[in-house]
Amino acid sequence: MDKLYKFQKIFKKKNLDGFIVTNPVNIFYLSGFRGISPTEREALLIVTPRSAVLICPKLYQAEAWKLQSAKLKIAIVDERNKMSELIAKILKGAKTVGFEEGDLKFSEYCHYKKQLKEAKFVPVKNLIEEMRAVKQDEEIKKIEKAQIISQKAFFEIIKTLKINQTEAEIAEKLAEIIKNLGGQELAFKSIIASGKNASIPHHITGRKKIKSGEVLLFDFGAKYKNYCADLSRTVLVGKVSDDIKNVYSLVQTAQKEAIGKITHGIKSHKPHEHTAGIFKKENLHDYFLHGLGHGIGLEVHEAPHLRPLSKNKRSTADTLSEGMVFSVEPGLYFPKWGGVRIEDLVTIKTGKAKVLGKLSTGFIEI
């Protein structure tokens, strides 16, 4: 089903006469428009039950006109600060207007409210994000292509690793390889963590040199046609201790078991709890510092979220369903020597988890 048409049906059921989309990623998802920066307010998308209008300044008119269709109208304004002035015209007569609760700025809200004095503004949470959680086949193919490029890049980069290389040098080379393999760009800033740095899940890549007897953790992803990949691998550099190898094997086993537990209709906290249970049997659960996984698509972190329910029961679990794409990334982190994380992407197809690309097997040693 067409994304705009589906969105119109969804918000109409909420008794809304119109909807103002301000999140640049969501505008791209529904309309195909992307300006220079995904964080700038370079367009507005105004949707009614029967029409959709993309408003943008002259600066982007060439890109915008290419998107015009029977389903999407284009409105060009002289200056960016005049975009909101068209809202009253497009939403004339609307009694209830929805907006993205987690995105609209207060100053924008005041300005839009001034344009539509008679309308009731209704904050709506994650309406488009919930749509994005279930991918169409073409989206899954793009994510898988990005993941395959990432996996190929990893095998290329480990051929170049040498003792005393810095994390930053490795990250720079990795970005070059991804480009050469057809990646659009990096999906996010790569994490290259050597030795004790690997005990920090979101370590900032720095100048530390890799040494024999340590772990070297990679967390990175390519982007392909605007869709992201996310891959984590842990490399054993030289001869490492048996304790490190035992942790590596445990994490790898936990990932495979978690993937085997994932089915259509399962609550997202269940695979996480199963993984935590594996670690608890070895009295290592306190070293599992994050959720088991997260959705991925146009952004690196999307719904669904594979994580535990909060103890106060205020949080609710996502239900995993056909067409969702998400990471499965168990990890254990030890301040004394580092950590091990293994991450792959899966989708749910015909009721079961399907890995995008290939799983890592055995130890990765250099």
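Atoms considered below: every heavy atom in the structure, side chains included; atoms not considered: hydrogens, waters and symmetry mates. All residue numbers refer to positions in the sequence shown, counting from 1.
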Can you hop from Phe7 to Leu16 via hydrophobic side chains spaced under 4.5 Å? yes

May I ask you to decide if His305's main-chain N or O and Asp318's side chain share a donor-acceptor pair within less than 3.5 Å? yes

Are Val325 and Leu298 grouped together when hydrophobic residues (ILVMFWY) are joined by side-chain heavy atoms under 4.5 angstrom apart? yes

Examine Val122 and Leu91 and state if one hydrophobic cluster contains both, with Ile, Leu, Val, Met, Phe, Trp and Tyr joined whenever side-chain heavy atoms are less than 4.5 Å apart. no

Nearest heavy atoms of His111 and Ser84, plus distance in Å: CD2-OG, 2.6 Å

Nearest heavy atoms of Pro271 and Leu320, plus distance in Å: CG-CD1, 4.5 Å

Between Tyr112 and Phe121, does the ring centre distance come in under 6.0 Å? no

Classify the angle between the aromatic ring planes of Phe334 and Trp337 as parallel (below 30°), tilted (30 to 60°) or perpendicular (above 60°). parallel

Find the distance between NZ (Lys6) and CG (Leu4) and round it off to the nearest 0.5 Å. 12.5 Å

Nearest heavy atoms of His264 and Glu322, plus distance in Å: ND1-N, 3.0 Å

Name the orientation class of the two ring planes belonging to Phe11 and Phe19 (parallel below 30°, tilted from 30 to 60°, perpendicular beyond 60°). tilted

Euclidean distance, Lys159 NZ relative to Ile177 CD1, rounded to 0.5 Å: 9.0 Å

Show your working on salt bridge (charged side-chain N to carboxylate O under 4.0 Å, His left out) between Lys354 and Glu144 and close with a plain yes or no. CA-CA 11 Å; Lys354 175 183 178 291; Glu144 183 165 33; 3.7 Å; yes

Once you round to the nearest 0.5 Å, how far does CD of Glu282 lie from OG1 of Thr253? 10.0 Å

From Tyr5 OH over to Gln8 CD, what is the distance, rounded to the nearest 0.5 angstrom? 8.5 Å

Do side-chain atoms of Ser327 reach the backbone of Glu329 as a donor and acceptor pair under 3.5 angstrom? no

I want to know whether His202 and Phe188 have ring centres closer than 6.0 Å. no

Is the ring centre of Tyr287 less than 6.0 Å from the ring centre of Phe279? no

Quick check: Tyr333 with His290 (ring centres under 6.0 Å apart)? yes

Electrostatic pair Arg41:Asp103 at N-O distance under 4.0 angstrom: yes

Any donor and acceptor pair, going by atom type alone, linking the side chain of Gln184 with main-chain N or O of Ala222 inside 3.5 Å? no

Using a 4.5 Å cut-off on heavy atoms from C-beta on, say whether the side chain of Glu257 contacts that of Thr275. no

Assigning hydrophobic clusters by single linkage (Ile, Leu, Val, Met, Phe, Trp, Tyr; side-chain heavy-atom cutoff under 4.5 Å), is Leu59 placed with Met83? no

Any Lys/Arg nitrogen of Asp344 or Arg233 sitting under 4.0 Å from an Asp/Glu carboxylate oxygen of the other? yes

Output yes when Glu185 and Lys223 qualify as a salt bridge under the 4.0 Å nitrogen-oxygen rule, no when they do not. yes

Any chance the side chains of Lys267 and Thr319 put a donor and an acceptor closer than 3.5 Å? yes

Cluster overlap Leu86 with Ile27, hydrophobic side-chain contacts below 4.5 Å: no

Once rounded to the nearest 0.5 Å, what's the spacing between atom OG1 of Thr160 and atom NZ of Lys173? 6.5 Å

Taking C-beta and beyond as the side chain, do His294 and Val300 meet within less than 4.5 Å on heavy atoms? yes

Mutual orientation of the aromatic rings belonging to Phe220 and Phe218 [parallel < 30°, tilted 30-60°, perpendicular > 60°]: perpendicular

Any heavy-atom pair between the side chains of Phe154 and Ser360 that's under 4.5 Å? no

Mind checking the CD-CD1 spacing from Glu100 to Ile20? Nearest 0.5 Å is all I need. 10.0 Å

Distance-minimising heavy-atom pair for Leu54 and Ala43: CD1-CB, 3.9 Å

Can Lys145 be said to sit on top of Tyr227's aromatic six-ring, NZ or CZ under 6.0 Å from centre and within 45° of the ring axis? no

Between Glu138 and Lys225, is the closest basic N to carboxylate O distance under 4.0 Å? no

